[in-house]
S.K.: 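Here you go, one structure.
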Amino acid sequence: MKSLILYNSDGRELRKFVPLKEGEAGFYCCGPTVYNYAHIGNLRPYTHWDVLRRVLKRFGYKVKHVMNVTDVGHLTDDGDDGEDKMIKGARERGMSVWEIAEFFTQAFFDDMKRLNILVPDVVCRATEHIDVMIDLVKRLEERGFTYEGGGNIYFDTKKLADYGRMALLERQELRHGARTQVDAQKRNPTDFVLWFTNSKFANQAMIWDSPWGRGYPGWHLECSAMSSKYLGECFDIHAGGMDHIPVHHTNEIAQSEGAFGHKWVHYWVHNEFLIMKGGKMAKSKGSFITLNDLLEEGYEALDYRYFLLGGHYRSQLIFSSESLNAARSARRSLMGRMADLLREAFPCSKDDLGLAVRARLEAFDTALGEDMNTPRALAEVWSLVKDDSIEPGEKLAALFSMDEVLALGLASAGRESRQVAADGELSLLLEQRGKARASKDWAAADRIRDELLSRGWKVVDTSDGSRLEKSE
RNA sequence: GGCGCCGUACCCAAGUGGCUAAGGGAGUGGAUUGCAAAUCCAUGAUUCAGCGGUUCGAGUCCGCUCGGCGCCUCCA
C-alpha cells in the first residue's frame with residue numbers, strides 16, 4: 001500500500017493516512033446547497049476531492065465516498081437579517097422550493113460530469129434524512145447537551161470540554177453580534193440551533209413533524225447525521241471548504257462527538273478558495289462565473305480542471321482569463337503530444353514497462369501521496385512526456401495510467417484522427433489539397449484549407465503529409 | 001479588534017534547512033514551412049516583498065515592517 005500523507009486540520013499537521021479498517025477508506029465531503037448554479041469557485045473542492053478519491057483507489061483502498069446535497073432552505077443559527085436562500089431562489093424563478101432543489105441539483109451534477117468528477121458512491125439529500133437528524137437530536141437530548149429556548153432546541157457548547165478544538169476557538173476573541181443580531185435565547189454565543197420550530201419567516205416552505213413540534217433542522221445537523229449513517233459513527237475522512245472550520249465543522253464535531261461519546265472523524269481535510277482579483281467569488285455577491293460561462297467563451301471544462309490541478313488544494317488559487325488560457329494551452333499541447341504518440345505506437349502493457357518509465361510513475365505517485373500535490377504531479381507528467389529515453393508505447397501506457405487520477409481526458413487525444421478517417425468527405429478534401437500542393441497550385445490549396453477551417457478543422461502540414469485537427 | 005493564511009521570474013505555480021530554486025503559459029532567437037498553423041531546439045530568478053536574527057548552512061525557522069487574502073454572518 002502506497003503511503004498517503006494528508007494535512008489534518010484537526011491538529012494542524014501532516015499525518016500519514018491510516019484507515020480505520022485495513023484497505024478501506026470512508027470519505028465524506030460537504031456537498032452543494034442547491035438554490036443556485038454552482039460558480040467555478042464552488043467547483044474547486046469537488047475537483048480536488050475527486051482527485052483524493054482517485055488517489056485512494058490508486059493506492060489500493062476500497063473507497064466509499066459519500067456526499068450530501070443540502071436541499072433544505074437554511075436560515076442561519078444566529079439572528080439573521082437575510083432571507084431563506086431556497087425561498088428566495090424559488091420566488092425569483094417562479095418555482096417551488098422543491099423544484100428549485102431538483103433543478104439545481106441536476107445542474108450541479110451536469111457540471112460534475114463535464115469536469116470528469118466521479119459521482120460519489122452515496123449521494124444523500126437532507127430532505128430525505130430528516131428522521132436520522134431527529135434521532136441525533138434525541139440522543140443529544142438524552143445525553144444532556146440540549147436546551148429549549150423560544151421554541152427552538154439549542155446545542156449547549158459549554159457542555160463539551162474541547163468545543164472548538166479544531167478551529168482553536170479558545171484562542172480567539174470573537175466579536176459575536178458584530179455583524180449579526182445575537183439570539184437572546186442562547187446561553188453561550190457559540191451555541192447553535194439543532195431544531196427550529198420558531199421560524200423567522202411566515203412562508204417557511206419545508207417543515208416536518210418532530211418531538212419538539214413542526215419545524216426544520218439546524219444547518220449543521222445534516223452532515224453529522226448522514227455521514228454517520230452511511231460511514232459509521234467513526235470514519236476516516238471528512239472534506240470541505242476551510243471557511244467551514246470555525247462554525248460548521250466545529251459544530252458538526254460538537255454534536256457528533258456529543259451524541260456518540262467518542263471521536264468522530266479521523267482526518268479533516270480543507271480546501272482553500274479560488275480568488276478573483278478583488279477577493280473570493282461568492283454567491284451572495286450576486287455576480288459570479290459559472291462553468292457554463294467558460295464553455296460559452298470557448299473553453300473546455302477540462303481546461304478548467306487542468307487549471308485547478310495546477311494549484312495545490314490548500315493554497316488560494318488566483319483565477320484570471322490569462323491563467324485559464326495558460327491551462328488551456330498546456331492541456332492542448334499535452335493532448336497534441338498524446339496524439340503524436342498514438343500515431344507512432346500503441347500503449348504497451350503494464351508488464352512491459354522499463355525502469356525509467358516506472359521511476360516516472362513512482363515520482364508521480366509520490367507527489368500525489370504527499371498531501372495531493374497535483375502541481376508536482378503535473379510536472380511529472382511533463383517530465384515523462386519530454387523524456388527521450390522512454391519509448392512511445394511506454395509513455396502512452398504511463399500517461400493513460402496517470403490520467404486515471406488526473407482525468408484530463410488524455411485518453412480521447414487520438415479521437416480526432418479517427419473521426420477524420422471515418423468522414424469520407426473530410427478525407428477527400430484533404431487529399432485534394434495534397435494534390436493541389438503537389439502541383440504548386442497554392443490558390444486551390446488555400447481555398448480548400450479555408451473550406452476545411454469553415455467546417456471546424458485546421459490543417460496541419462507535416463513532413464509525413466497533412467492531417468486535420470479540430471479548430472476552436 | 002481577535003484568529004489564521006499568503007507574498008517565489010511578465011503571468012499562474014511547486015518547493016518537507018543542505019546538490020545547479022520544479023512545471024506550465026506568455027515572450028524572444030533559431031530550425032522547419034509555398035504561406036500559415038503546428039512542431040522541434042535555444043533562452044529565463046547570483047535570487048525567493050523589505051529589514052534584522054538563529055544556524056556551519058534559510059525561499060524554507062524566529063522577530064519586525066510593508067502588501068494581499070480569508071474567518072469571526074450564509075458561504076467551497
Side-chain angles (χ1 to χ4, degrees), chain A residues 5 12 14 29-33 35 38-49 70 74-85 167-181 189-190 219 239-248 270-285 306-307 310-320 322-334 336-337 340 367 370-371 373-383 386 437 440-442 445-446 449 453 458-463 466-467 469 471:
Chain A
I5 291 163
R12 307 203 176 194
L14 289 165
C29 69
C30 284
T33 303
Y35 68 99
H39 58 64
I40 56 175
N42 294 130
L43 297 173
R44 184 180 186 198
Y46 303 108
T47 306
H48 288 298
W49 307 147
T70 302
H74 281 299
L75 308 175
T76 60
D77 53 355
D78 275 335
D80 189 358
D81 303 324
E83 191 176 3
D84 181 300
K85 290 183 288 193
L168 306 178
L169 291 186
E170 76 282 1
R171 293 196 350 207
Q172 303 190 16
E173 290 174 26
L174 304 183
R175 293 172 115 190
H176 296 286
R179 296 164 77 186
T180 55
Q181 192 81 27
T190 47
W219 175 47
M242 53 80 65
D243 56 316
H244 283 319
I245 293 173
V247 178
H248 183 46
H270 289 99
N271 64 280
E272 253 292 358
F273 276 65
L274 183 75
I275 298 295
M276 308 296 287
K277 210 173 177 182
K280 71 170 183 175
M281 198 180 288
K283 288 183 185 178
S284 55
K285 287 183 182 171
Y306 188 104
F307 165 77
H312 190 263
Y313 78 96
R314 281 195 294 115
S315 298
Q316 291 182 344
L317 181 62
I318 302 171
F319 179 85
S320 66
E322 198 180 4
S323 49
L324 183 58
N325 284 341
R328 172 166 64 182
S329 295
R331 181 169 163 271
R332 279 183 182 167
S333 173
L334 205 51
R337 285 165 184 273
D340 288 344
E370 288 176 6
D371 200 26
N373 195 324
T374 51
R376 241 174 71 206
L378 279 177
E380 292 301 337
V381 170
W382 284 100
S383 299
K386 294 186 172 180
R437 291 182 74 214
K440 296 196 189 298
D441 184 355
W442 309 125
D446 290 350
R449 182 163 68 190
L453 193 61
K458 190 171 64 183
V459 179
V460 179
D461 294 328
T462 73
S463 53
S466 305
R467 63 167 197 271
E469 282 179 9
S471 65

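Throughout, protein chains are lettered first and strands after them, A, B, ... in sequence-line order, and every chain is numbered starting at 1.
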S.K.: Tell me which nucleotide among B:G34, B:C69, B:A14 gets nearest to the side chain of A:Gln316.
M.R.: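 The answer is B:C69.
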S.K.: Rounded to the nearest angstrom, tell me the gap between atom OH in A:Tyr313 and atom P in B:C12.
M.R.: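 Checked: the OH to P distance equals 23 Å.
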S.K.: Sequence neighbours left out, what passes ring pair (Phe, Tyr, Trp, His ring centres under 6.0 Å) with A:Phe307? Give chain and number order.
M.R.: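 For A:Phe307 the ring pair (Phe, Tyr, Trp, His ring centres under 6.0 Å) partners, ignoring immediate neighbours, are A:Tyr304, A:Phe319.
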S.K.: What contact category does A:Leu317 fall into here, base, sugar-phosphate, or nothing, at under 4.0 angstrom with non-hydrogen atoms?
M.R.: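 Sugar-phosphate contact only - A:Leu317 comes under 4.0 Å of backbone atoms but never of a base.
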S.K.: When all nucleic acid strands are considered with a 4.0 Å heavy-atom cut-off, which category describes A:Ala379: base, sugar-phosphate, or nothing?
M.R.: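 Base contact.
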S.K.: Which pair of non-hydrogen atoms, one from A:Ala239 and one from A:Trp49, has the smallest distance, and what is that distance?
M.R.: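 Scanning both residues completely, I find the closest heavy atoms to be CB-CE2, 3.4 Å.
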S.K.: So what's the dot-bracket for RNA chain B: Watson-Crick or G-U pairs under 3.5 Å, [ ] if a pair crosses, | if it pairs off-strand?
M.R.: (((((((..(((.....[....))).(((((.......))))).....(((((..]....))))))))))))....
S.K.: With RNA chain B as reference, determine whether A:Arg314 or A:His248 sits nearer its 5' end, using the nearest nucleotide of each.
M.R.: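 Closer to the 5' end of RNA chain B: A:Arg314.
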S.K.: What is the distance from CE of A:Met242 to P of B:C6, rounded to the nearest Å?
M.R.: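 Going from A:Met242 (CE) to B:C6 (P), I get 11 Å.
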S.K.: Between B:A9 and B:G27, how far apart are the C1' atoms? Round to whole Å, please.
M.R.: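 My reading of the C1' atoms in B:G27 and B:A9 gives 12 Å.
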S.K.: Touch check for A:Trp382, heavy atoms < 4.0 angstrom, all strands: base, sugar-phosphate only, or nothing?
M.R.: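 A:Trp382: backbone/sugar contact only, no base atoms under 4.0 Å.
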S.K.: For A:His270, what residues pass the ring pair (Phe, Tyr, Trp, His ring centres under 6.0 Å) criterion, not counting sequence neighbours?
M.R.: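 Checked A:His270 against ring pair (Phe, Tyr, Trp, His ring centres under 6.0 Å); matches are A:His249, A:Trp268.
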S.K.: Enumerate all atom pairs, one protein N or O and one N or O from nucleotides 15-19 of chain B, separated by less than 3.5 Å.
M.R.:
residue, atom, partner, partner atom, Å
B:G15, OP1, A:Asn373, ND2, 3.3

S.K.: Using the side-chain heavy atoms of A:Ile275, tell me which of these nucleotides is nearest: B:C69, B:A14, B:G4.
M.R.: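 Nearest listed nucleotide: B:C69.
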S.K.: So which protein nitrogen or oxygen atoms get under 3.5 Å of nucleotides 36-41 of chain B's nitrogens or oxygens?
M.R.:
residue, atom, partner, partner atom, Å
B:A36, N6, A:Asp461, OD2, 3.0
B:A36, N1, A:Asp461, OD2, 3.3
B:A36, N3, A:Arg449, NH1, 3.1
B:A37, N1, A:Asp461, O, 3.1
B:C40, OP1, A:Arg337, NH1, 3.2
B:C40, OP1, A:Arg337, NH2, 2.7

S.K.: A:Asp340: which residues meet the salt bridge (charged side-chain N to carboxylate O under 4.0 Å, His left out) condition with it, sequence neighbours left out?
M.R.: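 Scan of A:Asp340 (salt bridge (charged side-chain N to carboxylate O under 4.0 Å, His left out), adjacent residues dropped) gives A:Arg343, A:Arg467.
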S.K.: For A:Ser320, what residues pass the side-chain hydrogen bond (donor to acceptor under 3.5 Å, both in side chains) criterion, not counting sequence neighbours?
M.R.: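 With sequence neighbours excluded, A:Ser320 shows a side-chain hydrogen bond (donor to acceptor under 3.5 Å, both in side chains) to A:Ser323, given in chain and number order.
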S.K.: Give me the distance, rounded to whole Å, that separates B:C41 from B:U32 when you measure between the P atoms they each carry.
M.R.: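 The same atom, P, in both gives a distance of 16 Å.
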S.K.: At their closest point, which heavy atom of A:Val459 faces which heavy atom of A:Ser466, and how far apart are they?
M.R.: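 Result for this residue pair: CG1-CB, 4.2 Å.
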S.K.: Looking only at side-chain atoms of A:Ala445, point me to the closest of B:G34, B:A22, B:G25.
M.R.: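 Of the options given, the side chain of A:Ala445 lies nearest B:G34.
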S.K.: If you look at every strand shown and take non-hydrogen atoms under 4.0 Å, does A:His244 touch a base, only sugar-phosphate, or nothing?
M.R.: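 Sugar-phosphate contact only - A:His244 comes under 4.0 Å of backbone atoms but never of a base.
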S.K.: Among B:A76, B:A14, B:C12, which nucleotide has an atom closest to any side-chain atom of A:Ile318?
M.R.: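 Shortest atom-to-atom distance from the side chain points to B:C12.
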S.K.: Among B:C71, B:A76, B:A13, find the nucleotide with the atom closest to the side chain of A:Pro246.
M.R.: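 Of the options given, the side chain of A:Pro246 lies nearest B:C71.
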S.K.: Got a sec, which residues hit salt bridge (charged side-chain N to carboxylate O under 4.0 Å, His left out) with A:Arg331, two or more places apart in sequence or on another chain?
M.R.: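 Partners of A:Arg331 by the salt bridge (charged side-chain N to carboxylate O under 4.0 Å, His left out) criterion, ordered by chain and then number, come out as A:Glu300, A:Asp303.
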S.K.: Please state the C1' separation for the pair B:G2 and B:U54 - nearest whole angstrom.
M.R.: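 To the nearest whole Å, 29 Å.
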S.K.: To the nearest Å, how far apart are A:Leu378 CG and B:C12 C1'?
M.R.: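 Going from A:Leu378 (CG) to B:C12 (C1'), I get 12 Å.
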S.K.: Say you pick atom P in B:G59 and the same atom in B:C69; how far apart are they, in whole Å?
M.R.: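 These two P atoms come out 27 Å apart once rounded.
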S.K.: By ring pair (Phe, Tyr, Trp, His ring centres under 6.0 Å), which residues pair with A:His312, not counting sequence neighbours?
M.R.: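 For A:His312, no residue satisfies ring pair (Phe, Tyr, Trp, His ring centres under 6.0 Å) once neighbours in sequence are set aside.
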S.K.: Using the P atom in both, what is the distance from B:G18 to B:C61, to the nearest Å?
M.R.: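 My reading of the P atoms in B:G18 and B:C61 gives 11 Å.
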S.K.: Who pairs with A:Asp243 by salt bridge (charged side-chain N to carboxylate O under 4.0 Å, His left out), at least two apart in sequence or on another chain?
M.R.: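 Salt bridge (charged side-chain N to carboxylate O under 4.0 Å, His left out) list for A:Asp243, sorted by chain: empty.
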S.K.: Who pairs with A:Tyr313 by side-chain hydrogen bond (donor to acceptor under 3.5 Å, both in side chains), at least two apart in sequence or on another chain?
M.R.: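 Once residues adjacent in sequence are excluded, the partners of A:Tyr313 under the side-chain hydrogen bond (donor to acceptor under 3.5 Å, both in side chains) criterion are A:Asp371.
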S.K.: Rounding to an integer number of angstrom, what distance separates B:A13 and B:C6 when you compare their C1' atoms?
M.R.: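 Pairwise C1' distance, B:A13 against B:C6, rounds to 13 Å.
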S.K.: Using atom C1' of each nucleotide, how far apart are B:C3 and B:U8 to the nearest Å?
M.R.: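 Each nucleotide's C1' atom is 26 Å from the other's.
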S.K.: Partners of A:Trp442 by side-chain hydrogen bond (donor to acceptor under 3.5 Å, both in side chains), sequence neighbours excluded?
M.R.: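 Testing A:Trp442 for side-chain hydrogen bond (donor to acceptor under 3.5 Å, both in side chains), a comparison that skips the adjacent residues, returns none.
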S.K.: Could you state the CZ-P distance from A:Arg331 to B:A13, rounded to the nearest angstrom?
M.R.: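 Atom CZ in A:Arg331 sits about 20 Å away from atom P in B:A13.
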S.K.: Taking all atoms of both residues into account, what is the closest heavy-atom pair of A:Tyr46 and A:Pro32, and its distance?
M.R.: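 Result for this residue pair: OH-N, 3.2 Å.
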S.K.: How long is the gap from CD1 on A:Ile245 to CG on A:Leu168, to the nearest 0.5 Å?
M.R.: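 CG of A:Leu168 is found 9.0 Å from CD1 of A:Ile245.
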S.K.: Taking OH from A:Tyr35 and P from B:A76, how many angstroms apart are they, rounded to a whole number?
M.R.: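 For the pair A:Tyr35 OH and B:A76 P, the rounded distance is 6 Å.
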S.K.: B:G25, B:A76, B:A14: which one has an atom nearest the side-chain heavy atoms of A:Ala330?
M.R.: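 So the side chain of A:Ala330 is nearest to B:G25.
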S.K.: Rounding to a whole Å, what distance do you find between A:Phe273:CZ and B:C71:C1'?
M.R.: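 For the pair A:Phe273 CZ and B:C71 C1', the rounded distance is 9 Å.
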S.K.: Mind calculating the distance between CZ (A:Phe319) and P (B:C12) to the nearest angstrom?
M.R.: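 Atom-to-atom, A:Phe319 to B:C12, this comes out as 13 Å.
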S.K.: In whole Å, what separates the P atom of B:A58 from that of B:G52?
M.R.: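 It comes out at 14 Å once rounded to the nearest Å.
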S.K.: As an exercise, state the distance from CG of A:Asn271 to CZ of A:Arg44, rounded to the nearest 0.5 Å.
M.R.: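 Rounded to the nearest 0.5 Å, the CG-CZ separation comes out at 6.5 Å.
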S.K.: Select one nucleotide: of B:C72, B:C35, B:C12, the one nearest the side-chain heavy atoms of A:Phe307.
M.R.: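 Of B:C72, B:C35, B:C12, B:C12 is nearest to the side chain of A:Phe307.
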S.K.: Hey, which sits more toward the 5' end of RNA chain B by its nearest nucleotide, A:Gly31 or A:Ser323?
M.R.: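 Final value for this comparison: A:Ser323.
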S.K.: Separation of A:His270 atom NE2 from B:C6 atom P, in whole Å?
M.R.: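 The answer, rounded to whole Å, is 16 Å.
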S.K.: When you get a sec, tell me which of B:A76, B:A13, B:G25 is the closest nucleotide to the side chain of A:Tyr46?
M.R.: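 Between B:A76, B:A13, B:G25, the one nearest the side chain of A:Tyr46 would be B:A76.
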S.K.: Could you tell me whether A:Gly310 contacts a base, only the sugar-phosphate backbone, or nothing, with contacts defined as non-hydrogen atoms closer than 4.0 Å?
M.R.: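 Answer is sugar-phosphate: A:Gly310 comes under 4.0 Å of backbone atoms only.
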